[in-house]
Amino acid sequence: MSRRIAVRRAVERMRAYHPPLEGRSRKLRLDFNENTIGCSLAVCRALAGLTPDQVAMYPEYKAAGRRLARHFRVRPEELLLTNGTDDALRLIVDTFVEPDSAIVLVEPTFAMYRFYAELAGARIVALRYDRAMRFPLERVLRALRRVRPRVLFLANPNNPTGTLLEPPALRRILGAASHTLVVVDEAYYEFSGVTVLPWIRSLSNLVVTRTFSKAAGLAGLRLGCVFANRRIAAGLRKAHSPYPVNAAALAAGEAAARDGRSTERYAQEVRRSKRELETALARLGVSHYRGAANFVLADFGRRAPALLGALRRRGILLRDRRSDFGRVGYVRITAGTREQTRRLVEAIEKLW
């Protein structure tokens, strides 16, 4: 009888991540911060134009990489394409994080930062947003100076709080991070309008990530980007798999980049929709937090589980975030179109 092959101790210690991924088709998807109306027609045309030969070949990245670099106003050698932001985060951890080295997180935040840090066997130093969802800037600065972590992960705006760090605060963080790689995840940049991407050339400790999964509507294809100066990017490239992005995702990403007007129109609609949602929540007396992304974090209190269940039965999906805060009540609501928000608000008014 063969002996059981043990998994790594780091994996043994991890808690499994169980996102609600099934049963979402044909429902109003206000739970995952996706584009709620789908990708643009330009993307559909690009996908339809893929030839059998293109599908049969391993993808070629050089020309597409140059065009996407031009779109983002960076040099080709400063850009790496990844299989979504998750793959970008894995690549960063694989390249820079040793077992038992320190990683600083400010939680609640995107779960994949902790996931990949734990998988690498890193020592996690976790700070917290306060009750008003304010970023603990001074505590982060102290941690950078005292702990000297290998990596600090920052979602900006943050998920699920929506908190936005403005450039002056980010300058202070990068200035204090003398021994730390600062990863600024700009998954929601199209909604916030705040970016540090132009800083990568002048700062040797900055990496920026972006995704096509949110505003561009390509979550099902998985396409992300890592931006860094030449030296950092060269290190990342050594640890990168040779074919990380499939041909369909590459074609769709280029089409989405060319059709920037569709993405911007959707982002403008979402901003208007979110204002309506915030106004409605205030009218209903529901505590909520203003943020800079395409969602609102609300606190429905003890009635949240029943409300979420009733909305699901009506075909409307919201995201329960109780696990981030240690009690029921917290719900993240994606802002879609104004029509979709009005459908949601009407349903909540009937149930509340």
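In this text, all values refer to a predicted model and were calculated from it rather than measured experimentally.
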**OP:** Evaluate salt bridge (charged side-chain N to carboxylate O under 4.0 Å, His left out) for Asp299 paired with Arg327, printing each intermediate quantity in order.
**Re:** CA-CA 10 Å; Asp299 184 0; Arg327 68 163 174 85; 2.5 Å; yes
Looking at every heavy atom in both [X] and [Y], which two are closest together, and how far apart are they?
| X | Y | value |
| --- | --- | --- |
| Leu47 | Ala248 | CD2-O, 3.4 Å |
| Thr82 | Cys225 | OG1-N, 3.8 Å |
| Arg322 | Pro305 | NH2-CG, 3.7 Å |
| Ala64 | Glu254 | CB-OE2, 3.3 Å |
| Gly253 | Phe212 | O-CE2, 3.6 Å |
| Ser204 | Arg231 | O-NH2, 3.5 Å |

Could you measure the distance from the [atom1] atom of [X] to the [atom2] atom of [Y]? Nearest 0.5 Å is fine.
| X | Y | atom1 | atom2 | answer |
| --- | --- | --- | --- | --- |
| Glu107 | Asn158 | CD | CG | 10.0 Å |
| Arg201 | Phe227 | CZ | CZ | 11.5 Å |
| Arg150 | Asp100 | CZ | CG | 12.0 Å |
| Asn229 | Leu206 | CG | CG | 8.5 Å |
| Glu78 | Ile232 | CD | CD1 | 10.5 Å |
| Leu79 | His71 | CG | NE2 | 10.5 Å |

Original post:
How would you list all residue pairs meeting side chain to side chain donor-acceptor pair (under 3.5 Å) that involve residues 206-215, not counting sequence neighbours?
Top reply: Asp185-Thr209, Glu186-Arg210, Thr195-Arg210, Thr211-Ser213, Ser213-Arg222
**OP:** Give every residue pair that meets the side chain to side chain donor-acceptor pair (under 3.5 Å) criterion with at least one member in residues 277-286, sequence neighbours excluded.
**Re:** Glu278-Arg290, Arg283-Glu349
Only distances under 3.5 Å count here; give the side-chain donor-acceptor pairs of residues 236-243 to other protein atoms, sequence neighbours excluded, each with its distance to 0.1 Å.
| residue | atom | partner | partner atom | Å |
| --- | --- | --- | --- | --- |
| Arg237 | NH2 | Glu77 | O | 3.0 |
| His240 | NE2 | Leu81 | O | 2.8 |

Original post:
Can we say Glu118 and Arg13 salt-bridge, meaning some charged N sits less than 4.0 Å from an Asp/Glu carboxylate O?
Top reply: no
**OP:** Identify whether the distance between the nearest side-chain nitrogen and carboxylate oxygen of Arg139 and Asp130 falls below 4.0 Å.
**Re:** no
**OP:** Among Thr341, Leu317, Thr36, find the residue that satisfies the side-chain contact (heavy atoms from CB on, under 4.5 Å) test when tested with Thr334.
**Re:** Thr36
Are [X] and [Y] grouped together when hydrophobic residues (ILVMFWY) are joined by side-chain heavy atoms under 4.5 angstrom apart?
| X | Y | answer |
| --- | --- | --- |
| Leu165 | Trp199 | yes |
| Met57 | Leu50 | no |
| Leu164 | Val140 | no |
| Val104 | Tyr129 | yes |
| Leu203 | Leu154 | yes |

Do [X] side-chain atoms and [Y] backbone N/O form a donor-acceptor pair below 3.5 Å?
| X | Y | answer |
| --- | --- | --- |
| Asn294 | Asn33 | yes |
| Asn35 | Ala215 | yes |
| Arg8 | Leu119 | yes |
| Thr180 | Pro149 | yes |

Original post:
Do Glu264 and Arg271 pass the salt bridge (charged side-chain N to carboxylate O under 4.0 Å, His left out) test, and can you show the C-alpha distance, the side-chain angles, and the key distance before you say yes or no?
Top reply: CA-CA 11 Å; Glu264 178 54 31; Arg271 293 185 200 105; 3.5 Å; yes
Subject >> Steps toward side chain to side chain contact (heavy atoms under 4.5 Å, CB included) verdict (Phe153, Arg114) >> reply: CA-CA 9 Å; Phe153 286 107; Arg114 176 177 282 272; over 6 Å; no
**OP:** Using side chain to side chain donor-acceptor pair (under 3.5 Å) as the criterion, list what pairs up with Arg275, not counting sequence neighbours.
**Re:** none
**OP:** Tell me, please, which residues at least two apart from Glu34 pass side chain to side chain donor-acceptor pair (under 3.5 Å).
**Re:** Arg24, Arg29
Name each donor-acceptor pair under 3.5 Å that joins a side chain in residues 170-178 to protein atoms two or more places apart or in another chain, with its distance.
| residue | atom | partner | partner atom | Å |
| --- | --- | --- | --- | --- |
| Arg172 | NH1 | Glu138 | OE2 | 3.1 |
| Arg172 | NH2 | Glu138 | OE2 | 3.2 |

Share the residues that join [X] in a hydrophobic cluster, the rule being Ile, Leu, Val, Met, Phe, Trp or Tyr side chains under 4.5 Å apart at the heavy-atom level.
| X | result |
| --- | --- |
| Trp352 | Leu28, Leu30, Leu277, Leu281, Leu284, Val286, Val296, Phe300, Leu307, Leu308, Leu311, Ile316, Leu318, Val331, Ile333, Leu344, Val345, Ile348, Leu351 |
| Tyr188 | Ile37, Phe191, Tyr266, Val270, Phe295 |
| Tyr330 | Met133, Tyr289, Leu297, Phe325 |

Original post:
Which residues pass the side chain to side chain contact (heavy atoms under 4.5 Å, CB included) test with Ser262, sequence neighbours left out?
Top reply: Ser40, Asp259, Arg265
Can you tell if the side chain of [X] reaches within under 4.5 Å of the side chain of [Y], non-hydrogen atoms only?
| X | Y | result |
| --- | --- | --- |
| Val106 | Pro136 | yes |
| Arg128 | Pro108 | yes |
| Val194 | Pro167 | yes |

Subject >> Residue list, salt bridge (Lys or Arg N to Asp or Glu O under 4.0 Å) with Arg332, at least two apart or on another chain >> reply: none
Side-chain polar contacts of residues 86-93 - donor-acceptor pairs under 3.5 angstrom, sequence neighbours left out - could you list them?
| residue | atom | partner | partner atom | Å |
| --- | --- | --- | --- | --- |
| Asp87 | OD1 | Arg90 | NE | 3.1 |
| Asp87 | OD1 | Arg90 | NH2 | 2.7 |
| Asp87 | OD2 | Asn83 | N | 2.9 |
| Arg90 | NH1 | Asp94 | OD2 | 2.5 |

Original post:
When you look at Glu339 and Arg342, which way does the side chain to side chain contact (heavy atoms under 4.5 Å, CB included) test go after all the steps?
Top reply: CA-CA 5 Å; Glu339 181 182 351; Arg342 289 162 191 167; 5.7 Å; no
Subject >> Atom CD of Gln268: over 12 foreign heavy atoms under 6.0 Å >> reply: yes
